[in-house]
Number of protein chains: 2
Amino acid sequence: MPGPIQSLSRAAAILRLLAGGERRLGLSEVSTALGLAKGTAHGILRTLQQEGFVEQDPESGKYQLGAELLRLGQSYLDVHELRARALVWADDLARAAGETVYLGVLHQQGVLIVHHVFRPDDTRQVLEVGSMQPLHSTAIGKVLVAYDPVARGELGDGPYESYTLRTLTEPADVDAECSLIRERGWADSVEETWEGVASIAALIQDRRRNPVGAVCINGPVERICQDGFVKPSLVASVRSAARAISRDLGAGRF
Amino acid sequence: MPGPIQSLSRAAAILRLLAGGERRLGLSEVSTALGLAKGTAHGILRTLQQEGFVEQDPESGKYQLGAELLRLGQSYLDVHELRARALVWADDLARAAGETVYLGVLHQQGVLIVHHVFRPDDTRQVLEVGSMQPLHSTAIGKVLVAYDPVARGELGDGPYESYTLRTLTEPADVDAECSLIRERGWADSVEETWEGVASIAALIQDRRRNPVGAVCINGPVERICQDGFVKPSLVASVRSAARAISRDLGAGRF
DNA sequence: GGCCGTCGTTCGACAATGTCGACCGTCATG
DNA sequence: CATGACGGTCGACATTGTCGAACGACGGCC
């Protein structure tokens, strides 16, 4: 039976639809958006509701995502081997660099943040775990594109969305940058996604040298850069953290 | 068509199974655990994999939860109205009390933590968002049981699991405690779930006075209690935070 | 090294199952 | 008061998912 199960694919589409729209959606909105009969959409929604993947606002009758997804998402993190091995190294890196640390993996056409260490001294930060970032304009994203053919494939052939004046929007530019990244072994992103923010990333490989993710530090340009370039000491910290995690993954087999 | 969609329920069961077992599961394990034909389980797993809800380890062929769940779980948090309104109040409470703050809602037979503010001065804490806690032995859980008939129903009629010597395991004891909680308007839990840990919780209601969740502070017994009782000043802080969040929810209509 | 057991996967037939579109009651609106 | 849109239900149909057997590959054991 090589072919997806129809009702399951539709259920997944409904969940993604609900995740996309910021507000709750009504049954009719869902059914028309996906081109389904109302009865069909209702049956799927009812099942998803029973399972806790979807909740229904009792007074408006509209639907939104359910709590079970949060619980399962947490379970995903619990099992995630890369994340488990990286926890302590990410912590050390954040302390050494004094900056925010992200750990990201390729997911669909973006970078999924699976771990986030807050900047040590600072407060009132928003946890980014579970959120997506672009591939072509972040340090983690560019590392993955440089080393993972799958990521390069997902990126497609632009032009890519521009977030600041420094965002690379042309495939040729990104590919050139990736050659550079492969040559020197690390990536940076200075105000390519957010104004005033710079980051440095390095690749994490598993025991068979497959790229499985990347780690980066993230902070205000003034602290990350000096004389227009990222500080070499920070680059060294990030690279050594990435190597440490990769080594840890390699040893994990036994 | 009042009845759940079979394939969807089965898919949900598979996801929960994968979330439960700490390690990856093979196809045969899944199919036998749920009493499904191997072909059937495979079809569901293949679809879940295409949708990103499940990932397959390429070398062992075993399955685990997928990244899409993390993303959707995050989206759930984004839409969560209670959490959005409570963010700032929880932060203030943590600062004022100098302790960890949890925000929890009823989910199935437990408390789902939807927000977690780290203790202000401390470091190296594990984020509990997305994890479940018992209903009968935590402050948040007992608040919900006391005020929400649904929660009381989910609790069932024990005996409940015992975690420490102080855990209430008999329904009668829990119900008596709940009467007290309703009388005075707050709940505590001193070493009922974890040795050395005490917490104080208060109810959060929506604009129609329905219980929607609870907020608590959580810390070592020595700091939360004095002379064998929880400190009244902390109780006052928690209750005022809960009231503030409830008020905020009530105003949210306009 | 050859055998056996188990694994994940594929296949085809069957009927159980999910799908469709029309219909119902309710609510808010004009 | 009539209208339209909403969420939800129902029953007939055939599409669709399910089952069990069979396949090829891998790994361990004698």
Side-chain angles (χ1 to χ4, degrees), chain A residues 1-18 21 23-66 79 206-208 210 253-254, chain B residues 1-18 21-66 79 207-208 210 253-254:
Chain A
M1 188 198 339
I5 292 181
Q6 190 187 44
S7 53
L8 264 183
S9 299
R10 288 173 166 178
I14 288 181
L15 289 179
R16 268 192 287 271
L17 183 67
L18 289 176
R23 70 185 205 296
R24 293 187 253 260
L25 262 47
L27 170 62
S28 304
E29 294 176 279
V30 172
S31 62
T32 60
L34 299 178
L36 297 177
K38 259 197 306 182
T40 305
H42 180 62
I44 296 175
L45 278 168
R46 178 156 35 75
T47 307
L48 287 174
Q49 185 183 7
Q50 284 178 17
E51 302 292 346
F53 292 89
V54 152
E55 292 169 1
Q56 185 175 24
D57 184 21
E59 52 184 300
S60 71
K62 293 182 183 296
Y63 294 93
Q64 64 170 356
L65 294 182
V79 182
D206 67 7
R207 56 192 154 278
R208 291 185 314 187
N210 291 322
R253 193 24 112 199
F254 308 105
Chain B
M1 189 197 342
I5 291 181
Q6 190 186 47
S7 53
L8 265 182
S9 300
R10 288 173 166 180
I14 288 181
L15 289 179
R16 268 193 287 271
L17 182 67
L18 290 176
E22 277 312 301
R23 70 186 203 295
R24 294 186 252 260
L25 261 47
L27 170 62
S28 305
E29 295 176 278
V30 171
S31 60
T32 60
L34 299 178
L36 297 176
K38 261 198 306 183
T40 305
H42 180 62
I44 296 174
L45 279 168
R46 179 158 32 76
T47 308
L48 288 174
Q49 185 183 7
Q50 284 178 16
E51 302 292 345
F53 292 91
V54 151
E55 292 168 2
Q56 186 175 25
D57 183 21
E59 51 185 302
S60 71
K62 292 182 184 293
Y63 295 93
Q64 63 171 353
L65 294 183
V79 182
R207 56 190 155 281
R208 291 186 314 189
N210 292 323
R253 198 19 118 201
F254 309 104

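Hydrogens, waters and symmetry mates play no part in the numbers below; they use all other heavy atoms, side chains included. Throughout, protein chains are lettered first and strands after them, A, B, ... in sequence-line order, and every chain is numbered starting at 1.
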Protein-nucleotide distance ([X], atom [atom1]; [N], atom [atom2]), rounded to Å:
{"X": "B:Arg24", "N": "C:dC7", "atom1": "CZ", "atom2": "C1'", "result": "16 Å"}
{"X": "B:Lys62", "N": "D:dC26", "atom1": "NZ", "atom2": "C1'", "result": "13 Å"}
{"X": "B:Gln49", "N": "C:dG8", "atom1": "CD", "atom2": "P", "result": "13 Å"}
{"X": "A:Leu27", "N": "D:dA5", "atom1": "CG", "atom2": "P", "result": "15 Å"}
{"X": "A:Gln50", "N": "D:dG8", "atom1": "CD", "atom2": "C1'", "result": "14 Å"}

Of the options [options], whose atoms approach the side-chain atoms of [X] most closely?
{"X": "B:Lys38", "options": "C:dT19, D:dA22, D:dG17", "answer": "D:dA22"}
{"X": "B:Thr40", "options": "D:dG17, D:dC19, D:dG8", "answer": "D:dC19"}
{"X": "B:His42", "options": "D:dT18, C:dT19, C:dT10", "answer": "C:dT10"}
{"X": "B:Leu36", "options": "D:dC19, C:dT19, C:dT10", "answer": "D:dC19"}
{"X": "B:Ser28", "options": "C:dG8, C:dC20, D:dT9", "answer": "C:dG8"}

(request) Quick one: label B:Gln56 by what it contacts on the DNA or RNA (base, sugar-phosphate, nothing), any heavy atom closer than 4.0 Å. (result)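 Sugar-phosphate, no base atom in range.
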(request) May I ask you to decide if A:Ile5's main-chain N or O and B:Thr47's side chain share a donor-acceptor pair within less than 3.5 Å? (result)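 A pair under 3.5 Å: yes.
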